[in-house]
Colleague: 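Have a look at this one.
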Protein chains: 2
Amino acid sequence: MSPASRIKSYSDVKAEILRRIAAKVWAVGDPIPNEEDLAREFQCARTTVNRALRELAEAGIVERKRRAGTRVAEAPAQDMRFKIPLVEDEVAAIPACYRYRRLIRETLSDEAIAHTMKLAPDAPLLHICALHYGDDAPFQIEERWINLSAIPQAREESFQDISANAWLVREVPLSRLDTQLYASAASAEIAKRLAIKAQSPILVIERTTWRADQALTHAKLSYRGDHKISATSA
Amino acid sequence: MSPASRIKSYSDVKAEILRRIAAKVWAVGDPIPNEEDLAREFQCARTTVNRALRELAEAGIVERKRRAGTRVAEAPAQDMRFKIPLVEDEVAAIPACYRYRRLIRETLSDEAIAHTMKLAPDAPLLHICALHYGDDAPFQIEERWINLSAIPQAREESFQDISANAWLVREVPLSRLDTQLYASAASAEIAKRLAIKAQSPILVIERTTWRADQALTHAKLSYRGDHKISATSA
DNA sequence: CAGTGGTCTAGACCACTAA
DNA sequence: TAGTGGTCTAGACCACTGA
C-alpha cells in the first residue's frame, strides 16, 4: 500500500478512506481494518481515526458495529439534507421583494388536524392562514394550526405583521419537526390565492412540530408546482 | 444555577444546553459561555464540551466563531434530512412486491440534458427509461442519462434485470448528488406509464451525480402525486 | 494580539455483541 | 468472552479573528 505519506488530520484520514472506497480497494460490503490498525498505519492517534470513521458513519458511507467492525455501507448516502429556510429568506434569495399578508385568524376545533397532532378532537386550535409574496406575486400559502394548550401566548398575537412561522421560531425554539412532502392539484381556493389555474400541480409541505411528544403546531405550506427545492449532498 | 448534578457525557452536556436554550436561560442570539468555563461548571473535560457544542453547531442550533465565541443561532435548524432510498427498498417498505421493467435503452445525444450535465452538446449519452412497480402498480418512472465518457462500462450493461440506479450504486460509489424536487403535471406519456390521468399532479425528483466536477449521470424520477416523502429532524 | 474554538495525543475504561 | 467501537480525560499546540 501507499506509505501513508502525509496523513495527519482526521479529515486526511477521511479523504484517504473515501479514496480507497472509490478506488475499490475496499468494495461495497467489505470490512475495513479496525481503528487501532488504521491508527498505526496512518501514524496517528486512534481518536483521530475514530472521528474520521464516526463522521463517515454519520454520512452513511460506512456501517459500524461493536465487535463486528466497520464495513463499507451497502447503500451509501442516498439521504440528502434539504434546507427549508424561512420564507422571508427564501424570497430574498431569488431575489425578490418580500411581502406578507394575513388572510384568516380564528379559534376553532378541527378533528382531522387534531388527529394529526394527536390531540383530543375538540382541542382548541388557533388557525392562521397567510400569504407570502415575492415581488407582489403569491409565493407560498401558509396554513397553520397552533395548539393553544401548549402555546397559550399565541392568543395575544395578531399575526398581522409577523408570520406564524417567524413568530414560532422566536417564541418556541428547538422543536422537533415531522415533515411530509408531496404533489397535489390546486383546489379552487388555493388556485385563486396562488394566482394559478384550478387543478394545477402544487407542491405541498406538511409539518408538525413537537416538544417532548406534545404537538405544538401543524403547518401546510403550498407552493406553485414550478417551485423547486434543492439539495446537495457530499 | 443548577448544581450540574449528574452531567458526565457529551450527550448530557448537549441535553443541558438544549434545555437552557428552550427555557430561554440563553435566548436566541445570546452568547453562551466558552468551552473552558462550561467544562469547569459541568466538571468534565473541555473535549467533552467541545463535542457537544460541535454537534449542536452542525445541527444549526448554535453558531461558533473563533475568538468571538458561541451564540444561540438566529434561525435554528430549519433543515431536514430526507432519506431517499433505493426504489426497491422504498417499495419493500410499503410493503409491496417489487418488480422492475426496462422500457428503453438507447445511445443518443441530448442538448438539454448535456447542458444540465455541463457536457458538450453532442456528448454520447446512454438513455435508460424504466418502470418500478409495487404490487404490479406503477410506482416510479426512472429516466436516466449516463455520461458514456465517464462510465464507458455502462455500454456492456443491458439494464434488463437491474435498474440503472441499483447498478450505479454498486459500480460508481461515492458520487456527489445535486437534487431538485418539484411538482408537475403528468404528460400524456408519463400519465400512461404511471396509470394515472393526464395532467394529474406528479412529484418529480431530478438528480445529477458528479465525481470530481464531472457529471456522471442525470436522473428524473417521477412519482404519482400522492406519493409522500417523509423526514424527521431533531 | 489575546482569547476563542479546532484539533491531536496517549492512555484508559466501558458497553456492547458477534463469534 | 474476547474484540470491537464509544467515550472520557488531561494536556498541549495551533489557527483564526474580532476586540
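Naming: A, B, ... by sequence-line order, numbering from 1 per chain.
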Colleague: Does a side-chain heavy-atom distance below 4.5 Å link B:Ile141 with B:Tyr223?
Modeller: no
Colleague: Could you check how far CD of A:Glu63 sits from C1' of C:dC16, rounded to whole Å?
Modeller: 17 Å
Colleague: Are the charged groups of B:Glu41 and B:Arg20 less than 4.0 angstrom apart, N to O?
Modeller: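 Salt bridge: yes.
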Colleague: Nearest whole angstrom, please: distance from the C1' of C:dG6 to the CD of B:Glu55.
Modeller: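 Atom-to-atom, B:Glu55 to C:dG6, this comes out as 15 Å.
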Colleague: Below 4.0 angstrom from OP1 or OP2 of D:dT4, is there any side-chain N or O of A:Arg64?
Modeller: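 Checking A:Arg64 against D:dT4: no side-chain N or O falls below 4.0 Å of OP1 or OP2.
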Colleague: Quick one: which protein N/O atoms are closer than 3.5 Å to N/O atoms of nucleotides 16-19 of chain D? Pair and distance per line, please.
Modeller:
unit_1	atom_1	unit_2	atom_2	d
D:dG18	N2	B:Arg67	NH1	2.8

Colleague: Run the side-chain contact (heavy atoms from CB on, under 4.5 Å) test on B:Leu38 and B:Leu53 for me, step by step, so that the C-alpha distance in whole Å, both residues' side-chain angles and the decisive distance to 0.1 Å come before the verdict.
Modeller: CA-CA 10 Å; B:Leu38 287 172; B:Leu53 287 174; 4.1 Å; yes
Colleague: Please find out if less than 6.0 Å separates the ring center of A:Tyr133 from that of A:Tyr98.
Modeller: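 No, the ring centres sit 6.0 Å or more apart.
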Colleague: Please report the distance, rounded to the nearest Å, between CG in B:Asp12 and C1' in D:dG6.
Modeller: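 Rounding to the nearest Å, CG of B:Asp12 and C1' of D:dG6 are 14 Å apart.
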Colleague: Can you label the angle between the A:Tyr100 ring and the A:His132 ring as parallel, tilted or perpendicular, going by 30° and 60°?
Modeller: tilted
Colleague: Side-chain N or O of A:Thr70 versus OP1/OP2 of D:dT4: is the shortest distance under 4.0 Å?
Modeller: no
Colleague: Sort me out a list of protein N/O and nucleotides 7-12 of chain D N/O pairs below 3.5 Å, or just none if empty.
Modeller:
unit_1	atom_1	unit_2	atom_2	d
D:dT7	OP1	B:Tyr10	OH	3.4
D:dT7	OP2	B:Arg51	NH1	3.3
D:dT7	OP2	B:Arg51	NH2	3.2
D:dT7	O4	A:Arg46	NH2	3.3
D:dC8	OP1	B:Tyr10	N	2.5
D:dT9	OP2	B:Ala45	N	2.8
D:dT9	OP2	B:Thr48	OG1	2.6
D:dA10	N6	B:Thr47	OG1	3.3
D:dA12	N6	B:Arg46	NH2	3.1

Colleague: Give the rounded distance in Å between these two atoms: CD of A:Glu58 and C1' of D:dG5.
Modeller: 14 Å
Colleague: Are any non-hydrogen side-chain atoms of B:Thr48 and B:Asn50 less than 4.5 angstrom apart?
Modeller: no
Colleague: Look at the rings of B:Trp145 and B:His218 and say which category their plane angle falls in: under 30° parallel, 30 to 60° tilted, over 60° perpendicular.
Modeller: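 If you compare the ring of B:Trp145 with that of B:His218, the planes turn out tilted.
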Colleague: Quick one: does any side-chain atom of A:Lys24 pair with a main-chain N or O of B:Glu171 as donor and acceptor, under 3.5 Å?
Modeller: yes
